[in-house]
Amino acid sequence: MDNLNGISAFVRAAETSSFVAAGRLLGVSASAVGKSVARLEEKLGVRLLNRSTRRISLSNEGALFYERCQRILADLGDAEAELSHLAEAPRGKLRVSLPVIGYRFILPLLAEFTQRYPEIELDLDFNDRLIDVVAEGIDVAVRSGVLSDSRLMARELGPFAFSIVSAPAYFARHGVPAVPHDLAQHGCVRYKFPSTGKLQEWELFRTPGQEGELRLRTVLTCNNIEALIGAATQGVGLAYLPDFLVKEAIARGELQAVLKEYLRHASKFWILWPSSRHLSPKLRVFVDFLSLHLHFSGPPRSLAKSSFPSDAASG
C-alpha cells in the first residue's frame with residue numbers, strides 16, 4: 001500500500017510539475033507528497049524527479065517509470081470502477097469547464113440531464129482561458145480547435161462553420177462587400193484570444209489576383225463573443241462568428257450574412273477528460289449524453305429515438 005501511495009504521489013507530481021498541486025489533487029500536504037516520492041526513489045535507487053526552487057520535472061528514469069505507473073493507476077481505477085458500476089448509480093460532483101459561449105448550447109440540455117441523473121451535481125466553470133485540465137482538477141472540459149495535450153482523452157462533439165455578419169442598417173450605410181478584398185473598406189469587429197492576445201484570423205478563399213494577405217480594417221476588438229454579437233447587431237461593423245450562434249438572429253432579420261461562398265474555415269468542438277482517470281459513472285454518462293445530444297446544425301437528436309454509446313483538452 002505504501003508503494004501504491006508513492007506511485008500515486010509520483011504520477012500526480014509529474015502531471016502537475018508541482019508537489020503543491022499534486023497534494024491538492026490527492027487531499028494531502030505538499031510535504032507528504034514530497035516524502036512519498038522520496039521514499040519511492042530510495043526504494044528504487046534512482047532519482048525520478050528533478051527538483052528546483054520553481055518547479056519539478058521528470059528525470060530520464062522518471063519518464064520511463066511514469067508511463068508504466070500511469071497504466072498501473074489507470075488499470076486499478078478501471079478495476080475499481082467495474083466493481084462499483086455493478087451497483088452504483090451515477091452520483092457526486094462533476095467539475096465541467098466550458099467556453100463562455102457554452103451556455104448557449106449546454107444549458108438547454110441540462111434540464112433533461114439532471115432529470116435523468118438527479119444524483120449528479122454539476123459544477124460549471126465558464127471561461128475562455130487556456131486551462132490545464134489535469135493540474136486544475138477538472139473532470140471534463142468542452143473546447144474547440146486543435147488538440148495537443150497527450151494526457152487527455154477526447155471525443156468529437158461536432159463541427160461548425162463561420163459566418164461574416166452585421167446589421168442590415170450597417171449594410172444600408174456602407175454597402176455589401178462582394179469579394180474578400182472589399183473588407184479593407186469596411187469596419188471589422190475582431191475576437192481576441194484571452195490566452196494569447198492574438199486576433200482571430202478570418203479565413204476566406206481569395207479571388208484570382210487577390211490571393212495575398214487579407215486586409216481588415218479593425219474598429220473594435222474584444223475577448224468575449226457575446227460582445228461581438230452585440231456589436232454586430234448594433235451595426236458597429238462586420239463580425240466573423242460561429243454560424244450556430246448567429247443563425248437565429250439571421251432568421252429574425254437582426255443580422256445579415258455576407259461572403260458566404262468565400263468562407264472556408266470550419267472547426268470542431270471536443271469533450272476532453274484526463275487519460276489517467278477512469279470513466280467513473282458520472283463522467284461516462286455526461287460524456288455519452290453530450291456526444292449523443294449536442295449538435296450545431298440541423299434538428300435536435302431525440303432522446304426517445306436514441307440509445308447511449310461512449311478530447312485531450314488543453315489547447
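The ring of Tyr103 has its center no closer than 6.0 angstrom to the ring center of Phe105.
Between Phe171 and Ser166, some side-chain heavy-atom pair lies under the 4.5 Å cut-off. Using a 4.5 Å heavy-atom cutoff, the side chains of Ser291 and Leu157 are in contact. Under the 4.5 Å side-chain criterion, counting only non-hydrogen atoms from C-beta, Trp273 is in contact with Val287. A heavy-atom distance below 4.5 Å is not found between the side chains of Ile120 and Thr114. Between Leu290 and Phe113, the closest side-chain pair of non-hydrogen atoms is not below 4.5 Å. No side-chain heavy atom of Leu238 sits under 4.5 Å from any side-chain heavy atom of Leu259. A 4.5 Å side-chain heavy-atom check between Val176 and Gln256 finds at least one atom pair inside the cut-off.
Remark: Arg252 CZ is packed, more than 12 non-hydrogen atoms of other residues, nucleotides or ligands lying under 6.0 Å away. Surrounding CD of Glu156 are more than 12 heavy atoms belonging to other residues, nucleotides or ligands, all under 6.0 Å away. Atom CD of Glu261 is surrounded by more than 12 heavy atoms from other residues, nucleotides or ligands within 6.0 Å.
Hydrophobic clustering (side-chain heavy atoms under 4.5 Å, transitive across Ile, Leu, Val, Met, Phe, Trp, Tyr) keeps Leu64 apart from Val46. In the hydrophobic clustering of ILVMFWY residues, with side-chain heavy atoms under 4.5 Å counting as a link, Ile72 and Leu48 come out apart. By the rule that hydrophobic residues join a cluster once side-chain heavy atoms approach within less than 4.5 Å of another member, Leu199 and Leu263 end up as members of separate clusters.
Looking only at distances, no side-chain donor or acceptor of Arg104 sits under 3.5 Å from a matching main-chain atom of Phe244. Of the possible donor and acceptor atoms, none in the side chain of Tyr117 sits under 3.5 Å from a partner among the backbone N and O of Phe286. Here the side chain of Lys198 pairs no donor or acceptor atom with the backbone of Phe193 at under 3.5 angstrom. Under the 3.5 Å distance criterion, the side-chain polar atoms of Asp139 are matched with a main-chain donor or acceptor of Arg95. Side-chain atoms of Arg51 come within 3.5 Å of backbone N or O of Leu49 as a donor-acceptor pair.
The two residues Val133 and Ala141 have their closest heavy-atom pair at CG2-CB, 4.1 Å. Listed here is the closest heavy atom pair of Arg217 and Gln185: NH2-O, 3.9 Å. Residue Val33 comes nearest to Ala13 through the heavy atom pair CG1-CB, 4.4 Å, listed as atom of the first residue, atom of the second, then distance. Of all the heavy atoms in Asn127 and Val100, the pair that sits closest is CA-CG2, 3.7 Å. Across all non-hydrogen atoms, the minimal contact from Ala232 to Ala239 is CB-CB, 3.9 Å. The two atoms that bring Glu226 and Ile101 nearest to each other are OE2-CD1, 3.2 Å, heavy atoms only.
Taken from CG in Leu228 to CG in Asn223, the straight-line distance is 9.0 Å, to the nearest 0.5 Å. If you take NE2 on His293 and CG on Leu109, they are separated by 8.0 Å, rounding to the nearest 0.5 Å. To the nearest 0.5 Å, atom CD of residue Gln200 and atom OG1 of residue Thr221 are 12.5 Å apart. To the nearest 0.5 Å, atoms CD1 (Ile164) and NZ (Lys260) are separated by 12.0 Å. Annotation: the span from Ser144 atom OG to Lys268 atom NZ amounts to 12.5 Å, rounded to 0.5 Å. One finds the CD atom of Glu254 at 6.0 Å from the OG1 atom of Thr233 (value rounded to the nearest 0.5 Å).
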Quick one: do Arg39 and Lys43 satisfy side-chain contact (heavy atoms from CB on, under 4.5 Å)? Show the steps, please. CA-CA 6 Å; Arg39 286 194 295 269; Lys43 181 178 179 64; over 6 Å; no
message: Evaluate Leu110 against Leu124 for side-chain contact (heavy atoms from CB on, under 4.5 Å), listing each step before the verdict.
response: CA-CA 11 Å; Leu110 294 189; Leu124 306 182; 3.6 Å; yes
Q: Could you please spell out the steps behind the side-chain contact (heavy atoms from CB on, under 4.5 Å) verdict for Ser36 and Phe10?
A: CA-CA 8 Å; Ser36 291; Phe10 162 66; over 6 Å; no
Subject >> Candidate pair Asp125 and Glu136, rule side-chain contact (heavy atoms from CB on, under 4.5 Å), full reasoning >> reply: CA-CA 12 Å; Asp125 176 28; Glu136 297 184 34; 5.5 Å; no
Only distances under 3.5 Å count here; give the side-chain donor-acceptor pairs of residues 16-30 to other protein atoms, sequence neighbours excluded, each with its distance to 0.1 Å.
unit_1	atom_1	unit_2	atom_2	d
Thr16	OG1	Arg12	O	2.8
Thr16	OG1	Ser18	N	3.4
Thr16	OG1	Ser18	O	3.0
Ser17	OG	Arg55	NH2	3.0
Ser18	OG	Val20	N	3.2
Ser18	OG	Ala21	N	3.0
Ser29	OG	Ala32	N	3.1

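Residue pairs meeting the ring pair (Phe, Tyr, Trp, His ring centres under 6.0 Å) criterion with at least one partner in residues 26-52, sequence neighbours excluded, are absent.
Ring-plane geometry between His186 and His174 is classed as perpendicular, the angle between the planes exceeding 60 degrees on a 0 to 90 degree scale with a lower cut at 30. Ring-plane geometry between Trp202 and Tyr240 is classed as parallel, the angle between the planes falling under 30 degrees on a 0 to 90 degree scale with a further cut at 60.
Take Thr218 and apply the side chain to side chain donor-acceptor pair (under 3.5 Å) test, not counting sequence neighbours, and it matches Arg190.
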